[in-house]
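Since the model is a prediction, treat every value here as computed from it, not as a measurement.
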Amino acid sequence: MTPTLEDRITGSLVGAAVGDALGGPVEGWSPEQIAERHGGRVHGIVGPWYEDWRTARPIAPYHKGDGHVTDDTLMTHALVRVYETVRDHLDAYAIADHLVPDLMSVPRWIPELEAEALPLQRVFLAEKWIVTRLHYAHADPREAGSGNIVNCGAAMYMAPVGLVNAGNPHGAYAEALDVAGAHQSSYGREAAGVFAAAVAAACLPGATAASVVDTALDLAKDGTRAAIAAVRDAALRHRDVESALGPLREAVAPYDSVGPDYRAPSLGARRPSRLHAIEELPIALGMLLVADGAYETAVLGAVNYGRDCDSTAGMAGALAGALGGADAVPAGWAKRVAEASRLDLHAPAAALAAVAREVFARDRTRRRAHESAFATLTSP
């Protein structure tokens with residue numbers, strides 16, 4: 001049976017959170033290091049990399065593992081709350097008017113800190129940039145992302161934009177580019193638009209992993225498009241994750257500015273460029289292809305790929321969850337992540353589905369007004 005809108009939105013948001021939680025404890029490591037640490041590939045929720053995670057560097061003070069979501073999910077849920085408030089399409093000004101106050105003024109439970117705190121106290125410096133530029137520097141929201149490091153920070157929480165524009169990849173792409181302008185520039189902003197478009201494409205009836213990747217290629221520009229194309233070509237030669245891990249990395253490496261050592265980025269890392277791409281989105285799409293859209297395979301492939309695998313697995317989870325609906329996400333994983341993170345993973349999905357229906361009704365009214373005006377303008 002074809003998943004409904006509500007089912008796809010639930011699958012995507014819950015799937016993203018679960019992927020994020022699975023990837024968190026092995027973030028920053030290589031496939032070889034992950035296999036050595038865990039006695040083989042990771043097949044589900046695992047504990048922290050270091051037992052003394054409270055003081056161990058570079059992990060401290062975050063409790064990564066045991067089903068805790070990271071800042072990817074915190075930012076995604078924050079964007080859902082912005083949609084709940086605005087109840088229409090968003091732009092960069094919505095980020096300034098609503099997301100920034102949410103991050104800096106409303107304490108929330110932060111799973112990795114095992115405490116209630118402001119989300120601003122957890123997010124990475126690239127996300128703190130939003131508050132610095134929009135609240136303190138009073139930058140034009142549409143240009144506030146300029147000057148920030150170029151990474152996956154904006155793309156990692158753009159699934160809600162794709163879901164509000166479910167079935168309309170071009171609309172999702174345009175909206176995400178506007179929203180992400182407050183946070184990122186260059187290929188980081190481009191990745192946000194392409195990821196949102198891919199999520200919207202995954203919601204189309206009859207969508208497949210291949211059709212989602214084709215949509216991403218149709219819309220992507222510059223290095224982002226080249227990276228996705230290279231990873232797609234490599235992914236199509238593999239039907240199992242294990243054999244694909246090395247080839248996918250080799251395919252994306254020429255476009256990834258971070259370099260081979262994830263914890264020691266190259267001097268050219270994360271600078272604006274028309275030749276480069278973030279690594280996470282192409283790899284998430286590649287794992288989706290290798291898995292032929294299957295949630296567990298795509299997400300675990302992204303987890304065991306290592307490097308920024310909480311974001312990669314979160315993106316893969318959002319895409320596979322939108323394709324397969326809520327039932328695609330293992331219920332046991334979702335339950336453990338919700339309980340460990342002390343989060344209701346289904347409430348944001350229900351709220352966003354209601355907003356998506358309202359936005360579609362608004363779009364239909366606006367479209368009919370446009371049709372009427374155009375008919376008058378072109379009548380004999």
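- The two residues Asp310 and Asp72 have their closest heavy-atom pair at OD2-OD1, 3.3 Å.
- Rounded to the nearest 0.5 Å, atoms CG (Asp66) and CD (Glu112) are 11.5 Å apart.
- The side-chain heavy atoms of Tyr262 and Glu27, taken from C-beta on, include a pair separated by under 4.5 Å.
- The two residues Ser273 and Tyr187 come nearest to each other via the heavy atoms O-CD2, 3.4 Å.
- Using modelled atom types, no side-chain atom of Asp91 and backbone atom of Asp178 make a donor-acceptor pair closer than 3.5 Å.
- When side chains are defined from C-beta on, Leu90 does not count as touching Val161, because their heavy atoms never get closer than 4.5 Å.
- In this structure, Ser379 contributes its side chain and Thr376 its backbone to a donor-acceptor pair below 3.5 Å.
- Of the possible donor and acceptor atoms, one in the side chain of Arg8 sits under 3.5 Å from a partner among the backbone N and O of Leu323.
- In plain terms, the two heavy atoms of Tyr136 and Met104 that are nearest each other are OH-CE, 3.9 Å.
- In Arg336, the CZ atom is not crowded: 12 or fewer heavy atoms of neighbouring residues, nucleotides or ligands sit closer than 6.0 Å.
- Side-chain atoms of Arg307 and Arg249, non-hydrogen and from C-beta on, do get closer than 4.5 Å to each other.
- Side-chain N or O atoms of Trp49 include none that pairs as donor or acceptor with a backbone N or O of Gly65 at under 3.5 Å.
- Put simply, Val359 and Leu177 are part of the same group of oily side chains (I, L, V, M, F, W, Y) that touch within less than 4.5 Å, one to the next.
- Surrounding CZ of Arg239 are more than 12 heavy atoms belonging to other residues, nucleotides or ligands, all under 6.0 Å away.
- The structure places CZ of Arg37 at 11.0 Å from CD1 of Ile34, a figure rounded to the nearest 0.5 Å.
- Checking Gln33 against Ser30 by side-chain atom types alone, a donor-acceptor pair falls below 3.5 Å.
- Of all heavy-atom pairs between Lys128 and Leu120, the closest is NZ-O, 3.1 Å.
- Residue Glu36 qualifies as open at atom CD: its count of foreign heavy atoms under 6.0 Å is 12 or below.
- Between Leu13 and Val80, the shortest heavy-atom contact is CD1-CG2, 4.2 Å.
- The side-chain heavy atoms of Asp71 and Met156, taken from C-beta on, include a pair separated by under 4.5 Å.
- In the hydrophobic clustering of this structure, Val82 groups with Val179; members are Ile, Leu, Val, Met, Phe, Trp, Tyr whose side-chain heavy atoms approach within less than 4.5 Å, directly or through other members.
- The nearest pair of heavy atoms linking Ala226 to Tyr255 is CB-CE2, 3.5 Å.
- Looking only at distances, no side-chain donor or acceptor of Arg189 sits under 3.5 Å from a matching main-chain atom of Gln184.
- Counting non-hydrogen atoms of neighbouring residues, nucleotides and ligands closer than 6.0 angstrom, the NZ atom of Lys335 reaches no more than 12 such neighbours.
- Under a 3.5 Å cut-off, the side chain of Ser341 and the backbone N or O of Gly67 do form a donor-acceptor pair.
- Taking the side chain as every heavy atom from C-beta outward, Cys152 and Asp308 approach each other to under 4.5 Å.
- Val252 belongs to a hydrophobic cluster whose remaining members, ordered by chain and number, are Val231, Val241, Leu245, Leu248, Ile283, Met287, Val290, Tyr305; membership requires side-chain heavy atoms of ILVMFWY residues under 4.5 Å apart, directly or through intermediates.
- Hydrophobic clustering (side-chain heavy atoms under 4.5 Å, transitive across Ile, Leu, Val, Met, Phe, Trp, Tyr) groups Ile59 together with Val303.
- To the nearest 0.5 angstrom, Arg41 atom CZ is 5.5 Å from Asn304 atom CG.
- Side chain of Asn148 to main chain of Ala126: a donor-acceptor pair is present (N/O by atom type, distance under 3.5 Å, no hydrogens or angles).
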Might you work through the side chain to side chain contact (heavy atoms under 4.5 Å, CB included) test for Arg271 and Val150, ending with a clear yes or no? CA-CA 6 Å; Arg271 296 181 181 181; Val150 183; 5.9 Å; no
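- By the 30° and 60° cut-offs, the orientation of the rings of His63 relative to Trp53 is parallel.
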Test side chain to side chain contact (heavy atoms under 4.5 Å, CB included) applied to Tyr157 and Leu99, step by step: CA-CA 12 Å; Tyr157 64 98; Leu99 185 66; 4.2 Å; yes
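- Using a 4.5 Å heavy-atom cutoff, the side chains of Met158 and His183 are not in contact.
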Quick one: do Val355 and Phe360 satisfy side chain to side chain contact (heavy atoms under 4.5 Å, CB included)? Show the steps, please. CA-CA 9 Å; Val355 171; Phe360 180 79; over 6 Å; no
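- Within the 4.5 Å cutoff, the side chain of Thr55 has no heavy atoms near those of the Tyr50 side chain.
- Judged by the 6.0 Å and 45° rule, Arg122 forms a cation-pi pair with Tyr62.
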Walk me through it: do Leu345 and His77 pass the test side chain to side chain contact (heavy atoms under 4.5 Å, CB included)? CA-CA 9 Å; Leu345 299 183; His77 288 181; 4.2 Å; yes
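- Under a cut-off of 6.0 angstrom, the local environment of CG in Asp233 is crowded, with over 12 non-hydrogen atoms contributed by other residues, nucleotides or ligands.
- Of the inter-residue distances, the one linking Asp214 atom CG with Leu219 atom CG reads 11.0 Å to the nearest 0.5 angstrom.
- In this structure, the side chains of Leu74 and Pro119 stay at 4.5 Å or more apart for every pair of heavy atoms.
- Residues Glu6 and Arg357 are paired through a salt bridge, judged by an N-O separation under 4.0 Å between the basic side chain and the carboxylate.
- Taking CG from Leu79 and CD1 from Ile95, the interatomic distance works out to 5.5 Å, rounded to the nearest 0.5 Å.
- Side-chain atoms of Arg225 never come within 3.5 Å of backbone atoms of Asp222 as a donor-acceptor pair (strictly under, hydrogens ignored).
- One hydrophobic cluster, built from ILVMFWY side chains closer than 4.5 Å, cannot hold both Leu288 and Val299; they sit in different ones.
- Between the side chain of Asp20 and the main chain of Thr70, a donor-acceptor pair closer than 3.5 Å is present.
- With values rounded to the nearest 0.5 angstrom, Tyr93 atom OH is found 10.0 Å from Leu134 atom CG.
- Salt bridge present: Glu371 and Arg367 bring a charged side-chain N and a carboxylate O closer than 4.0 Å.
- More than 12 non-hydrogen atoms from other residues, nucleotides or ligands lie less than 6.0 angstrom from CG of Leu125.
- With Arg270 contributing its side chain and Ile149 its backbone, the two residues share no donor-acceptor pair below 3.5 Å.
- Electrostatic pairing of Glu116 and Arg342 does not count as a salt bridge here, judged by no charged N lying under 4.0 Å from a carboxylate O.
- Taken together through direct or relayed side-chain contacts under 4.5 Å among Ile, Leu, Val, Met, Phe, Trp and Tyr, Leu217 and Val194 form part of one hydrophobic cluster.
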